[in-house]
Amino acid sequence: MRITPATRRAAIVASVSAAVIVGSGTPASAAESYNRPSDGTLEIIGRGYGHGRGMSQYGAMNAARQGRTWQQIVSHYYPGATPARMANPSIRVGVAGRLGSTARVVAEPGLVADDGRGQVVRLSTTDGAVPVRSWQVDRPSSGGTATTATLWFTTSTGQRKALRSTSSGRWTIRATDATVTALGTSGRPAATYLGSLTGIRSGATISPVVTTTLESYVRQVVPFESPGSWPVQALAAQSVAARSYAASWLRKPRTSTYDICDTTACQVFGGITNETANSRTAVAASNGTILTRAGIPAHTEFGSSNGGQTVYGNVPYLPAKADPYETGLAPSTNTWGISVPVTTLERAYPTIGSFTRMTVLGRDGKGLWGGRVLKVRLEGTRGHVDITGERLRSVVGSTTLRSTYFKPASSL
């Protein structure tokens, strides 16, 4: 039978799936080198998805299916962190990741805007007999200072009209039902938020910020970080991790205008429409619970899958250890294989010339193959470049090279 790259990779992945992950390994030496394949395509096998620090979301799901409670799950993934109760403070979320540099909402009954300096404006759903389609915080068309912000509305006929300006540089739009439906840069609904939306002017840019309570925030994170159909105990563990992570940012906000962002750079905050019965029950079950260390909210990182081995996160409650809850997961979840054309590497680093060899220069010493890749050398006909494992992920694509827990395979 002819062995193609796909069949070779599938066979390697199958063998890796059956391998036993040990708790520690030996750092790689310069001898771990992989020459350019004859077909110009590197076959790479790997485990996990993401950075590997803290809780594995798939591991939490598997633990819940095995009958573990959310308390047992967070205790496993954050050993040494202490559960504590927290009040329900407000939190500011920068939502430019979902909305772009715009603060625009669907015109609905009950909308009110205020500028924080005493101006309060009721936002109508009509302009005379013409329906109003949306309200927006933006710059004035003319006049005003560099920090003047204006309330605009757009009618169903496409007319855009200014209503009132403020020198405070911001308008906050809220509704009597506590939800606002925000529009993205395309003009289509992007999210319905449980909270208020503030448009903050900074020069030529409008920054959108949602303000909500911590518990409402967690409700709008959990079903975006873990599937809302998962077991309640797994989602409750996710809610504790999300609440604790947010609480840690409340102590030291990301910027002066918001505490935390809405993307994977923080944790995904997508609004209330994805909430499920399971996710809402899970958030309520862990209501007000955060994890702390020495009385300070723990920075509870988490990721999709750790491949069976967590990564040390520079704090005692994020240790490097084997993760038994990843055992038995479907191969596509924590074990994978990819094909990488060497031309991808040559385009990223043209100074090396024609690619000839990849050498793994260092691993973290934890798990299979000696652990995650710390540094690699890409050699070519004109020179070489040394880069980190994370940089290689960026070059190949982080959704393709899912983690730094990988090994090139020169042959079957």
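The first residue in the sequence is number 1, and the count goes up from there.
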Side chain Arg393, main chain Ser398, donor-acceptor under 3.5 Å
yes
What is the distance from atom CZ of Arg53 to atom NE2 of His51, rounded to the nearest 0.5 Å?
4.5 Å
Can the positive tip of Arg254 be found less than 6.0 Å from the middle of the six-membered ring of Trp249, inside 45° of the ring normal?
yes
Is the Lys NZ or Arg CZ of Arg293 less than 6.0 Å from the centre of Tyr317's six-membered ring, within 45° of the axis?
no
How about Val360 and Trp369: do any of their side-chain heavy atoms sit closer than 4.5 Å?
no
Ser244 vs Met86 side-chain heavy atoms within contact, under 4.5 Å
no
Tell me, yes or no, whether the heavy-atom count around Arg122 atom CZ, taken from other residues, nucleotides or ligands under 6.0 Å, exceeds 12.
no
Hey, is Asp259 close enough to Lys252 for a salt bridge, meaning N to O under 4.0 Å?
no
Considering all heavy atoms, the nearest Arg219-Ile272 contact
NH2-CD1, 3.8 Å
Chi angles and distances behind the side-chain contact (heavy atoms from CB on, under 4.5 Å) call for Thr198, Arg92
CA-CA 10 Å; Thr198 302; Arg92 302 167 303 163; over 6 Å; no
Would Arg160 and Asp138 pass as an ion pair if we require N to O under 4.0 Å?
yes
Counting N and O atoms only, with roles assigned by atom type, does the side chain of Asn62 sit under 3.5 Å from a partner on the main chain of Thr327, one being a donor and the other an acceptor?
yes
Return the minimal non-hydrogen interatomic distance between Ala191 and Arg98, and the atom names on each side.
CB-CD, 3.5 Å
Would Trp336 and Tyr405 count as a close aromatic pair, with their ring centres under 6.0 Å?
no
Is there a donor-acceptor contact under 3.5 Å from the side chain of Ser279 to the main chain of Thr276?
yes
Taking the side chain as everything from C-beta on, heavy atoms only, tell me whether Arg201 gets closer than 4.5 Å to Thr148.
yes
Can you give me the closest heavy-atom contact between Val283 and Arg243, atom names plus distance?
O-NH2, 3.5 Å
Compare every heavy atom of Arg382 with every heavy atom of Pro350, then report the nearest pair and how far apart it is.
O-NH2, 2.9 Å
Is any NZ, NE, NH1 or NH2 atom of the basic residue among Glu32 and Arg377 found under 4.0 Å from an Asp or Glu carboxylate oxygen of the other?
no
What do you reckon, are the aromatic ring centroids of Tyr217 and Phe269 less than 6.0 Å apart?
yes
Under-4.0 Å salt bridge between Arg47 and Glu326:
no
Applying side-chain contact (heavy atoms from CB on, under 4.5 Å) to Arg372 and Val311, what does each step give before you reach the verdict?
CA-CA 9 Å; Arg372 286 171 170 78; Val311 174; 3.3 Å; yes
So does Glu225 get a backbone contact from the side chain of Gln57, meaning a donor-acceptor N/O pair under 3.5 Å?
yes
Looking at Asn306, Thr310, Asp323, which one forms a side-chain hydrogen bond (donor to acceptor under 3.5 Å, both in side chains) with Tyr77?
Asp323
Out of curiosity, Glu390 CD to Leu374 CG, how far, rounded to the nearest 0.5 Å?
10.0 Å
Polar side-chain atom of Thr273 near backbone of Thr192 as donor-acceptor pair, under 3.5 Å
no
Can you see whether Lys366 engages Tyr312 through a side-chain donor-acceptor pair at a distance of less than 3.5 angstrom?
no
What do the steps show when you test Val180 against Arg174 for side-chain contact (heavy atoms from CB on, under 4.5 Å), and what is the final call?
CA-CA 7 Å; Val180 290; Arg174 56 177 54 88; 5.5 Å; no
Check the side chains of Thr69 and Gln233 for a donor-acceptor pair under 3.5 angstrom, ignoring hydrogens and angles.
no
Distance (rounded to the nearest 0.5 Å) between Arg104 CZ and Ile173 CD1:
11.0 Å
Going by heavy atoms in the side chains, are Leu183 and Gln136 under 4.5 Å from each other?
no
For residues Ile387 and Leu378, determine if any side-chain heavy atom of one lies less than 4.5 Å from a side-chain heavy atom of the other.
yes
Tell me, with the steps shown, if Gln267 and Phe224 meet side-chain contact (heavy atoms from CB on, under 4.5 Å).
CA-CA 9 Å; Gln267 51 190 3; Phe224 284 90; over 6 Å; no
Indicate the ring-plane relationship of Tyr58 and Trp230, choosing parallel, tilted or perpendicular according to the 30° and 60° boundaries.
perpendicular
Within a strict 4.5 Å, meaning less than it, do heavy atoms of the Leu401 and Ile338 side chains meet?
yes
